[in-house]
Protein chains: 4
Amino acid sequence: MKLGVIGLGRMGGNMVKRLRAGGHEVVGFDVNPESERDVESMEQLVDKLETPRIVWVMVPAGNPTDTTIDTLENLLEDGDLVIDGGNTRYTDDHRHADSLAAKGIHFMDVGVSGGVWGASRGYALMVGGSEEDYNRALPIFETLKPEGADGLVLAGPVGGGHFAKMVHNGIEYGMMQAFGEGFETMMRSELIDNPAEVMTSWREGSVVQSWLLDLFARAAHDDPTLRNMPPVANESGEAKWMVEAALELGVPTPATASALWARQTSRGGGDDTLRVVSSLRAQFGGHVTQQ
Amino acid sequence: MKLGVIGLGRMGGNMVKRLRAGGHEVVGFDVNPESERDVESMEQLVDKLETPRIVWVMVPAGNPTDTTIDTLENLLEDGDLVIDGGNTRYTDDHRHADSLAAKGIHFMDVGVSGGVWGASRGYALMVGGSEEDYNRALPIFETLKPEGADGLVLAGPVGGGHFAKMVHNGIEYGMMQAFGEGFETMMRSELIDNPAEVMTSWREGSVVQSWLLDLFARAAHDDPTLRNMPPVANESGEAKWMVEAALELGVPTPATASALWARQTSRGGGDDTLRVVSSLRAQFGGHVTQQ
Amino acid sequence: MKLGVIGLGRMGGNMVKRLRAGGHEVVGFDVNPESERDVESMEQLVDKLETPRIVWVMVPAGNPTDTTIDTLENLLEDGDLVIDGGNTRYTDDHRHADSLAAKGIHFMDVGVSGGVWGASRGYALMVGGSEEDYNRALPIFETLKPEGADGLVLAGPVGGGHFAKMVHNGIEYGMMQAFGEGFETMMRSELIDNPAEVMTSWREGSVVQSWLLDLFARAAHDDPTLRNMPPVANESGEAKWMVEAALELGVPTPATASALWARQTSRGGGDDTLRVVSSLRAQFGGHVTQQ
Amino acid sequence: MKLGVIGLGRMGGNMVKRLRAGGHEVVGFDVNPESERDVESMEQLVDKLETPRIVWVMVPAGNPTDTTIDTLENLLEDGDLVIDGGNTRYTDDHRHADSLAAKGIHFMDVGVSGGVWGASRGYALMVGGSEEDYNRALPIFETLKPEGADGLVLAGPVGGGHFAKMVHNGIEYGMMQAFGEGFETMMRSELIDNPAEVMTSWREGSVVQSWLLDLFARAAHDDPTLRNMPPVANESGEAKWMVEAALELGVPTPATASALWARQTSRGGGDDTLRVVSSLRAQFGGHVTQQ
C-alpha cells in the first residue's frame with residue numbers, strides 16, 4: 001500500500017527499504033536535506049498521499065516526535081492515520097492520540113525491536129491502538145515483521161505498543177546484565193580458561209540459548225576478553241521508564257533496575273554515595289581510603 | 001565406546017538412551033532396584049568394564065556423589081577415569097580428584113545442561129579436566145552434545161566444568177527473573193490486553209529471542225495468565241554458589257542474586273525482616289500494619 | 001504568633017498542642033465535626049485571622065491537600081502565607097505555589113518528621129520556600145522543632161522541603177531494611193541465642209547506634225522474636241517517589257529500592273514473576289514446584 | 001584483674017589504655033618492636049601471668065590470628081582462657097576453640113565495635129562462649145564497654161560473638177549506603193541548596209537520628225560537598241561474610257549486599273559486566289559507546 005514515512009535515519013531508512021522490497025509505495029521525508037528523502041517538506045509528503053492517508057513517524061522520542069505530530073495534526077484530515085514507531089514514552093501516547101482525535105485523525109503507537117538486524121531479519125512489532133486501525137495497517141506490519149508466525153502483536157489500546165516495547169527493553173537489560181555477571185565471574189576465576197569460549201558453547205543445548213548469546217559470540221570472536229570495549233554503557237531511557245512504571249504498579253523489578261543502575265554507575269552515578277561511605281569510615285575508622 | 005553409568009534417574013536414564021542410540025555400550029547401575037539397571041552393584045559394574053575403564057557418575061550432589069566416588073576409589077585401578085556429571089559444587093571437585101589421583105585414577109567434572117529436553121535436543125556439556133582425559137572421553141561427549149558446532153567445551157582444569165555450569169545456571173536465574181518482571185509489569189497494566197501473547201510475539205525479530213521464551217510460549221499456551229502455577233520457586237543451590245563465588249572474586253551479581261532472593265522470599269525468607277520493619281513503623285507511627 | 005491550622009488528625013492535633021504550649025494562638029479546623037476544631041469552616045478560620053495571615057495545612061496528600069489549597073486560594077488575600085506540612089509529593093508544590101502566587105499568596109512546603117513522638121520530642125522540619133517567608137514563620141518552626149541546635153533547615157526553594165522529607169523517608173526505609181536483614185540472619189543462626197538482646201546491646205558503643213535501634217529495643221522488649229508482628233508492611237509513597245526521583249537524576253538507590261520492594265513483595269508484588277519462573281522450570285525441568 | 005594482650009595496634013593499644021585506666025594490670029605484646037610492648041615474646045607474656053591466665057588476642061584476622069592462637073596453644077595450660085577480640089570470621093572460631101580445648105584451654109570470641117572512638121566512648125562487645133567463661137572475664141568486659149546499661153552481650157556459644165559483630169557490620173554497611181543514596185539524590189537536585197546542611201538538621205527530631213549521622217555532620221562540617229573524599233571504598237570482609245551466611249540461611253539481604261557491591265564496583269567490580277553489555281549493544285545497535 002501507499003504510505004508516508006517521516007524520519008529516514010538508520011531505523012527509518014532500513015524500514016523504508018524493507019517496505020519497498022515488500023511492494024509498498026513509500027514517500028519518505030527527513031529534515032536532513034542530505035537524506036534520501038523523496039520530498040522536501042511534510043506538506044509535500046501529505047500532498048503526495050491519497051486520503052485516507054497513513055503516515056509512519058520514525059523520529060527521535062520527545063521534542064522531535066512532539067513537533068512532527070503537531071505539524072501532522074495541522075496537515076492531515078479526518079480519517080487519516082498517524083503511526084508513531086519511535087521510542088516515545090507510553091505516557092505521551094494518549095496526549096498525541098487525543099490531540100489528533102480532535103480532528104478525526106487516527107493514531108497508533110508501535111514499538112519496534114530488531115536494531116540494525118531488522119532490515120534482514122524483520123522487525124518485532126508491538127502495536128497499540130484499535131483493532132480497526134490495526135487491520136488497516138496490517139499489510140505494512142506484515143512486510144516489516146519477520147517471516148514466521150511470531151513477531152507481531154496488537155498489544156492493547158493506544159499506549160500499549162510503546163508499553164510493550166518498554167517492557168521488552170527492560171527484559172533485554174536484565175538479560176544482558178545476567179550474561180555480564182556470568183562472564184565477569186568466569187573472567188576472574190582460575191578455573192575457567194576462556195570464558196568467551198564457554199559462553200559460545202552454550203549456543204546449543206543449554207537453557208540460556210538466545211539471540212543475545214549469538215551476538216555475544218560474534219562480539220567475542222575477535223576480542224574474547226572484550227578488552228577493546230570500554231566498561232561503560234549509557235541508558236536508553238526505556239528501562240528507566242519500565243522500572244518507574246513497575247514501581248507505580250507495585251511490581252518489584254530488581255533484575256531490571258540493577259542492570260540500569262550498573263549503567264548509571266558507569267557514568268558516575270553512585271560516586272557521591274561512596275563519598276559518604278568513605279567519609280563515615282574515615283570518621284569512625286580513623287583513616288581515609290586511598291584512591 | 002564402552003562405559004559405566006551410575007545413576008539412572010531422569011537425567012542419567014535419558015543420557016544412557018542417547019548414548020546407546022549413538023552406538024556406545026553402556027553398563028548402567030542405580031541403587032534403586034526398580035530402575036532399569038544392568039548390574040546389581042558397583043562391583044559388578046566395574047567387573048563388566050575393561051581397563052582403562054570410564055565410569056560416568058550421575059547421582060545427586062553432596063553425600064550420594066561423595067559416597068559413590070569413595071566406593072569407586074576402592075574398586076577402580078590406575079588409569080581408569082571417573083566423570084562426575086552431577087550438580088556437584090565446584091569446590092568439591094578437587095577433593096574428589098585428589099583422592100582418586102592417589103590411586104592413579106583420573107577425574108573429570110562435567111556440567112550438563114538441557115533438562116528433560118536433552119534427550120532429544122542434546123546436552124550442553126562443560127568439561128573440567130585435562131586435555132588428555134577430555135580427548136579420551138570425546139566420543140561420549142560427541143554423542144551427548146547437540147548436533148551443531150556448539151554445545152561442548154573444555155572449560156578449564158578440574159572444577160572448571162562445574163564452575164561453568166554453576167555460572168550458566170546463575171545466568172539462567174537472572175534471565176528468568178527478567179522475563180518474570182516484564183510479565184508481571186504487563187499483567188498489572190491496563191495498556192496490555194494479553195501479556196502472554198505479547199511475550200510470545202517476541203519469539204521472532206526481537207532482541208529477547210531465546211529458548212526460555214519458547215518454553216514460556218509453551219507454558220502460557222494453555223494458561224496465559226499462569227494462574228495455575230503457584231507463586232513460589234525453590235532454589236537449586238547453583239545460583240547461590242555462583243553469588244558466593246562472585247562475592248569472593250569481587251564481582252557484583254545483583255541480577256543473579258535478586259533472582260535467588262525472589263525464590264528465597266517465596267519460601268518465607270525476608271519475613272523476619274518485615275517484622276522488624278513493621279515493628280519500627282508501629283513504634284514511630286503509632287499503628288500496626290494489618291495483615 | 002497567631003495562625004490557622006487545617007487538619008487536626010494525629011499529626012495536626014499534636015502539633016497544635018505543641019504550638020499552644022509554646023504560646024502561639026491557634027485557630028484549628030478539621031472537616032471532621034468530631035475533632036476538637038475551633039471553627040466549622042475554612043471561611044470562619046480565615047475570618048478569625050488577621051492579615052497577613054498564616055495557614056498551616058496538615059491534611060492527607062493528594063486530593064485533600066489539593067482541595068484545601070484551592071479553597072484557600074479563594075479565601076486568602078495578597079500577602080497571606082500557606083504552609084503545606086503534609087506529605088505532598090514535591091512535584092505538586094510548584095503547582096500549588098504558582099496558583100497561589102497568582103493572587104499574591106505566599107507558599108512554603110514543610111516536611112515534618114517525628115511521628116507520634118514529635119509531640120514530646122519535637123519535630124524535625126525541612127522547609128522549602130523563600131528566605132523571607134521562612135523568617136516570617138520562624139517563631140512557629142522554633143516551637144515545633146526539638147530544643148537543640150538541629151532539627152530545622154531551610155532546605156531550598158519551593159519543593160525543597162518535601163524533597164528533603166522524601167529523601168529522609170527513603171533513608172529511613174533503607175535503615176529499617178538493614179536492621180531487618182541483620183535481625184533475620186541472627187534469627188536463623190544457631191550461634192545467636194537471642195537476636196533481640198544482641199541488637200538491644202548495640203544501643204551503646206556500637207556504630208549502628210540510632211533512634212530506630214532504641215525503638216527496636218522497645219518493640220522487642222515484650223516480644224523478642226517479633227512473632228506478634230505480621231510479616232507485611234505497606235509502602236507510604238515517599239520511598240517510591242525518592243527512587244523515581246533518583247532514577248531521573250541518574251542516582252542508583254539499590255538499598256532504598258530493595259526496602260521498598262520488600263514491602264511490595266509482602267503485599268503480593270513479585271507473585272507473577274515467580275509464576276513465570278516456576279512455569280519455565282516446569283518446562284525444562286519436567287516438574288512443578290509444590291506450594 | 002591481670003591479663004595479657006597480644007596486638008598493640010590502634011585498636012589493641014587503645015583498649016589497653018582503657019583497661020589500665022580501669023584498674024586492670026595488662027601485660028602487652030606486639031610483634032612490632034617499636035610498639036609500646038611490655039615483653040618481647042609471647043613466652044615472656046605467658047610467664048608474667050599467673051594461672052589461670054587470660055590472654056586477649058587483638059591481631060589481624062586470618063593468618064596472624066591463626067599463628068598467634070597456635071603459639072598460645074603450646075604455651076598455655078589447662079584452665080587458661082584465650083579471647084579472640086579481632087575480626088576473625090565466625091567459621092574459624094570452632095577450629096580455634098577445638099584445638100585449644102584439646103589441652104583444656106578455654107576460648108571466647110568477642111566482636112568489638114567502636115573504632116577510634118571506643119577509647120573514650122567505650123566499646124560495644126559481643127561475646128561468644130560459655131556463661132562460665134563470660135563471667136570469669138566480666139570485669140574486663142565491664143571496663144571496656146560504655147558506661148550505660150547496654151553495650152555488652154553474651155550473644156551465644158563460641159562463634160556467636162564474631163557472628164553478631166559480622167551482622168552488626170553488615171547493618172552498618174546498609175545504613176551508610178542508605179545515607180549515601182539520600183545524600184547523592186539531594187546533591188543532584190536543584191531543589192536542595194545544601195544537602196549536608198539538610199542531613200545535619202536531621203540529628204534531632206528525625207527518624208534517622210543516629211551516631212552515623214553525627215559522624216556525617218563532623219565530616220561535612222569542613223567539606224559539605226565531600227569533594228575531598230575519593231568516590232571509592234574498600235570492603236572489610238565482614239559484610240561479605242554476612243551476605244554469604246545469610247545466603248546459606250535463606251535470608252535475602254539486598255540492602256546489605258548492594259552496599260557491598262557499591263564498594264566492589266568502586267574498585268573495578270562490574271567492569272567486565274559492562275563490557276558485555278556494551279558489546280551486545282554494539283552488535284544489535286550498530287554503534288559503540290564512547291568512554
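Nothing here was measured: the structure is a model prediction, and the numbers come from that model. Labels below follow one simple rule: chain letters A, B, ... track the order of the sequence lines, proteins then strands, and each chain is numbered from 1.
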Best-contacting candidate, Ala220(D), Ala219(D), Gly115(D), Gly182(D), against chain A by heavy atom pairs under 4.5 angstrom: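 Of the candidates given, the most pairs with chain A belong to Ala219(D).
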Pairs of heavy atoms under 4.5 Å with chain A: top-ranked of Met199(D), Glu181(D), Met11(D):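 The candidate making the most pairs under 4.5 Å is Glu181(D).
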Region of Glu172(D) in contact with chain A, defined by heavy-atom distances below 4.5 Å: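 For Glu172(D), the side chain is the part near chain A, not the backbone.
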Find the distance between [atom1] ([X]) and [atom2] ([Y]) and round it off to the nearest 0.5 Å.
X         : Y         : atom1 : atom2 : value
Gln283(A) : Leu212(D) : CD    : CG    : 10.5 Å
Arg188(D) : Asp272(A) : CZ    : CG    : 7.0 Å
Ser279(A) : Asn228(D) : OG    : CG    : 9.0 Å
Leu226(D) : Asp271(A) : CG    : CG    : 12.0 Å
Asp214(A) : Phe284(D) : CG    : CZ    : 13.5 Å
Leu274(A) : Met176(D) : CG    : CE    : 10.5 Å

Minimal non-hydrogen separation, Ser278(A) against Pro230(D), with atom names: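 It is OG-O, 3.6 Å.
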Toward chain D: residues of residues 253-266 of chain A with heavy atoms under 4.5 Å: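 Within residues 253-266 of chain A, the residues that come under 4.5 Å of chain D (heavy atoms only) are Ala262(A), Arg263(A), Thr265(A), Ser266(A).
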Partner chain D: residue of Ser236(A), Pro195(A), Gly114(A), Gly270(A) with the largest heavy-atom pair count (under 4.5 Å):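 Answer, by heavy-atom pair count under 4.5 Å with chain D: Gly270(A).
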Glu36(A) atom CD, neighbour heavy-atom count above 12 within 6.0 Å: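 Open: at most 12 neighbouring heavy atoms sit under 6.0 Å from CD of Glu36(A).
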Qualifying residue for side-chain contact (heavy atoms from CB on, under 4.5 Å) with Phe183(A), from Thr273(D), Val277(D), Val276(D):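 By the side-chain contact (heavy atoms from CB on, under 4.5 Å) criterion, Phe183(A) pairs with just one of Thr273(D), Val277(D), Val276(D): Val276(D).
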side-chain contact (heavy atoms from CB on, under 4.5 Å) partners of Thr225(D), counting only residues at least two apart: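 Per chain and number, Thr225(D) pairs via side-chain contact (heavy atoms from CB on, under 4.5 Å) with Met187(D), Asp223(D), Arg227(D).
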